[in-house]
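All values derive from a computational prediction rather than experimental measurement.
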Amino acid sequence: METDNNSIVHAKSGGVGEMIAIALPMVISNGCETIMVFTDRLFLSRLGAEQMSAAMGGGLFMFTMISFFVGLLGYSAAVTAQYFGSGQKDKCPTVTFQAVLTAVSAYPLILLLFIPFGHYVFNISGLSPVQLEYQYSYFDILMYGSILMLVRSAFAGFFIGVGNTRVVMFSSIAAMVLNVVFSYVLIFGKFGFPAMGVEGAAYGTLLGGLSALFILVFSYMRYAKCFNLGLKATFRYDREILKTLLKYGFPAGLEFVLGLAAFTAMIFMFHARGAETAAAVTIAFNWDHVAFVPLMGLEMSVTSIFGRYMGAKRPDIAHKVLFSGIKTGVFYSTAVTFFFLFFPAMLTDVFRPAHYDPAFENSRELAVFMIRTASIYVILESLIASCAGALRGAGDTYFAMLITVGGTWLVVFAVFVSLHVLGMSMHTAWLTMVLTFLTVPLMLILRYRSGKWREINIIGSQQ
């Protein structure tokens, strides 16, 4: 962190080595988040398909409700990276504090508006009464604890922005370990605790997130002291930095919420077709989650490194960062594709309940088809992560939002037409969804090749 700007813009920078050094901890970090969600649903699958599906539906809708703020706060990483790259390291903690202020201000709004809205959506979504009851409980607990995720996003943005992603990784590992332990104990009622089922999974998630937040805050204080960043002076409202965060973070947050809303709409459309279809889609999207969430770590890393070189006025090296990200992502996605293509039955059977469950048995063949078909777009997800991360790092957040959100809602429209207008089979509707999704990476590549990102200057007026 004592590096000067000359070393930051060294000609060999932007290569795969630098990308791996920054991205690998973030891939691991997001992998830990995936394991947390995956194991919760795996534990709940032992209790029945309804609780597993409720955890997916409730958890996904909860994250959709707060995703605007998660996306906005997450963009603090790009703003921090540009200040860091420009040599204005003293402003990095100030960015973080503006993000924390935003998180605290958003929390009351989330409780007052989004919990009743979530209940309304569940009521009209056509879910079975059993799943609906479980989904209410899981959703409410996570919503009340959402402040942990918001503040955690703000502090994680600091470390991603300055390139110290190992701190984020260690906090996520701690959250994962504690979440798995707490969820196991609370779901099944071990060591004298009552068996809480889906509620135990929700509490386990919050306890794991709380431990991660403690680690991030402690590391933040220690980092500021070691590098003389004047931490006390940064605990203040800064109008210009907050304005920058809101201006460029708004489309990032809007993209996040609209994209997740589209994904949630697809989930509910499939879930409304019955318990068997709900179980198959839940299993398929669980594995898709395993495949994609680590790539979100790659995307964050591309955003951070790309933003750092843009702040240092070196778009030529920033351009290299994109290709380093693509190479790194393709290596990971190829391995995932292999398992999706050749071992879908094995992946499906991981979620087999401990007792005979007709919903699972009747959904098994469809789940196998869905996982195998998903292999078509898995490799392209690395292109999406790298291109979107580069555009956001440069500040081209509005077009990144329009492309990803527009493409995702196009997929929703295709699913709706397939299921409710043309009355296609579930197999055909799923294949239509997968093929329509391929338009997203194509549009991102075309936007990047236009070169408009080179003309954007996030922090120029403040230097």
Smallest separation among heavy atoms of [X] and [Y], with atom names:
{"X": "Val302", "Y": "Ser386", "answer": "CG1-O, 3.6 Å"}
{"X": "Ser146", "Y": "Ile110", "answer": "OG-CG2, 3.8 Å"}
{"X": "Thr397", "Y": "Tyr75", "answer": "CG2-CE1, 3.5 Å"}
{"X": "Gly407", "Y": "Met443", "answer": "CA-CE, 4.2 Å"}
{"X": "Val104", "Y": "Ile147", "answer": "CA-CD1, 4.3 Å"}
{"X": "Phe97", "Y": "Tyr237", "answer": "CE2-N, 4.5 Å"}

Among Thr96, Val167, Ile215, which residue meets the side chain to side chain contact (heavy atoms under 4.5 Å, CB included) test with Tyr220?
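The residue from Thr96, Val167, Ile215 that satisfies side chain to side chain contact (heavy atoms under 4.5 Å, CB included) with Tyr220 turns out to be Thr96.
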Using side chain to side chain contact (heavy atoms under 4.5 Å, CB included) as the criterion, point out the one residue from Thr282, Leu47, Val198 that pairs with Met52.
Thr282
Atom pair [atom1] ([X]) and [atom2] ([Y]), whose distance is rounded to the nearest 0.5 Å:
{"X": "Tyr248", "Y": "Leu245", "atom1": "OH", "atom2": "CG", "value": "12.0 Å"}
{"X": "Ser172", "Y": "Leu216", "atom1": "OG", "atom2": "CG", "value": "7.5 Å"}
{"X": "Leu148", "Y": "Leu213", "atom1": "CG", "atom2": "CG", "value": "6.5 Å"}
{"X": "Ile305", "Y": "Leu322", "atom1": "CD1", "atom2": "CG", "value": "11.5 Å"}
{"X": "Leu246", "Y": "Ile241", "atom1": "CG", "atom2": "CD1", "value": "12.0 Å"}
{"X": "Tyr223", "Y": "Phe218", "atom1": "OH", "atom2": "CZ", "value": "15.5 Å"}

Determine whether Phe182 and Tyr203 satisfy the following criterion, ring pair (Phe, Tyr, Trp, His ring centres under 6.0 Å), listing intermediate values before the conclusion.
CA-CA 8 Å; Phe182 285 133; Tyr203 286 122; over 10 Å; no
Are [X] and [Y] close enough that their ring centres sit under 6.0 Å apart?
{"X": "Tyr184", "Y": "Phe188", "value": "yes"}
{"X": "Phe285", "Y": "Phe263", "value": "yes"}
{"X": "Phe61", "Y": "Phe122", "value": "yes"}

Residues forming a salt bridge (charged side-chain N to carboxylate O under 4.0 Å, His left out) with Arg152, sequence neighbours excluded
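With sequence neighbours excluded, Arg152 shows a salt bridge (charged side-chain N to carboxylate O under 4.0 Å, His left out) to Glu33, given in chain and number order.
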Just to verify, what does Glu381 make a salt bridge (charged side-chain N to carboxylate O under 4.0 Å, His left out) with, not counting sequence neighbours?
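Testing Glu381 for salt bridge (charged side-chain N to carboxylate O under 4.0 Å, His left out), a comparison that skips the adjacent residues, returns none.
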Result block: side-chain N/O donor-acceptor pairs under 3.5 angstrom for residues 153-163, not counting sequence neighbours:
residue	atom	partner	partner atom	Å
Ser153	OG	Met149	O	2.9

So Phe270 and Trp430, would you call those rings parallel, tilted or perpendicular, with 30° and 60° as cut-offs?
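If you compare the ring of Phe270 with that of Trp430, the planes turn out tilted.
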So Phe256 and Phe63, would you call those rings parallel, tilted or perpendicular, with 30° and 60° as cut-offs?
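Perpendicular.
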If we only count heavy atoms from C-beta on, is the Tyr398 to Leu254 side-chain gap below 4.5 Å?
no
For a 4.5 angstrom cut-off between non-hydrogen side-chain atoms, does Val412 reach Met269?
yes
Any salt bridge (charged side-chain N to carboxylate O under 4.0 Å, His left out) pairs touching residues 182-206, not counting sequence neighbours?
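Residue pairs passing salt bridge (charged side-chain N to carboxylate O under 4.0 Å, His left out), neighbours aside: none found.
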[X] side-chain N/O to [Y] backbone N/O, donor-acceptor pair under 3.5 Å:
{"X": "Ser67", "Y": "Thr64", "result": "yes"}
{"X": "Trp287", "Y": "Ile371", "result": "no"}
{"X": "Ser304", "Y": "Met300", "result": "no"}
{"X": "Thr334", "Y": "Val330", "result": "yes"}
{"X": "Ser45", "Y": "Leu42", "result": "yes"}
{"X": "Gln98", "Y": "Thr94", "result": "yes"}

Going through the checks in order, is the side chain to side chain contact (heavy atoms under 4.5 Å, CB included) test met by Arg364 and Asp349?
CA-CA 8 Å; Arg364 186 177 182 276; Asp349 287 340; 2.7 Å; yes
With no hydrogens and no angle check, just 3.5 Å: does a side-chain donor-acceptor pair link [X] and [Y]?
{"X": "His119", "Y": "Gln135", "value": "no"}
{"X": "Thr428", "Y": "Ser425", "value": "yes"}
{"X": "Ser183", "Y": "Asp40", "value": "yes"}
{"X": "Tyr136", "Y": "Asn123", "value": "yes"}

Could you give me the CA-CA distance, side-chain angles and deciding distance for Val350 and Asn286, then say whether side chain to side chain contact (heavy atoms under 4.5 Å, CB included) is met?
CA-CA 11 Å; Val350 168; Asn286 270 332; over 6 Å; no
Taking only residues at least two apart or on different chains, which pairs with a member in residues 369-378 satisfy side-chain hydrogen bond (donor to acceptor under 3.5 Å, both in side chains)?
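Listed once each, the pairs are Asp288-Tyr377.
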Among residues two or more places apart or on two chains, list those pairs meeting side-chain hydrogen bond (donor to acceptor under 3.5 Å, both in side chains) that have a residue in residues 405-419.
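Every pair satisfying side-chain hydrogen bond (donor to acceptor under 3.5 Å, both in side chains) with a residue in residues 405-419: there are none.
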After noting the C-alpha distance and the side-chain angles of Met36 and Val180, does the key distance pass the side chain to side chain contact (heavy atoms under 4.5 Å, CB included) rule?
CA-CA 6 Å; Met36 288 169 58; Val180 171; 5.5 Å; no
Using the side chain to side chain contact (heavy atoms under 4.5 Å, CB included) rule, take Leu178 and Leu207 through it: C-alpha gap first, then chi angles, then the decisive distance, then the call.
CA-CA 7 Å; Leu178 291 176; Leu207 290 170; over 6 Å; no
Does Phe342 form a ring pair (Phe, Tyr, Trp, His ring centres under 6.0 Å) with Phe338? I'd like the steps, not just the answer.
CA-CA 6 Å; Phe342 294 106; Phe338 175 80; 5.2 Å; yes
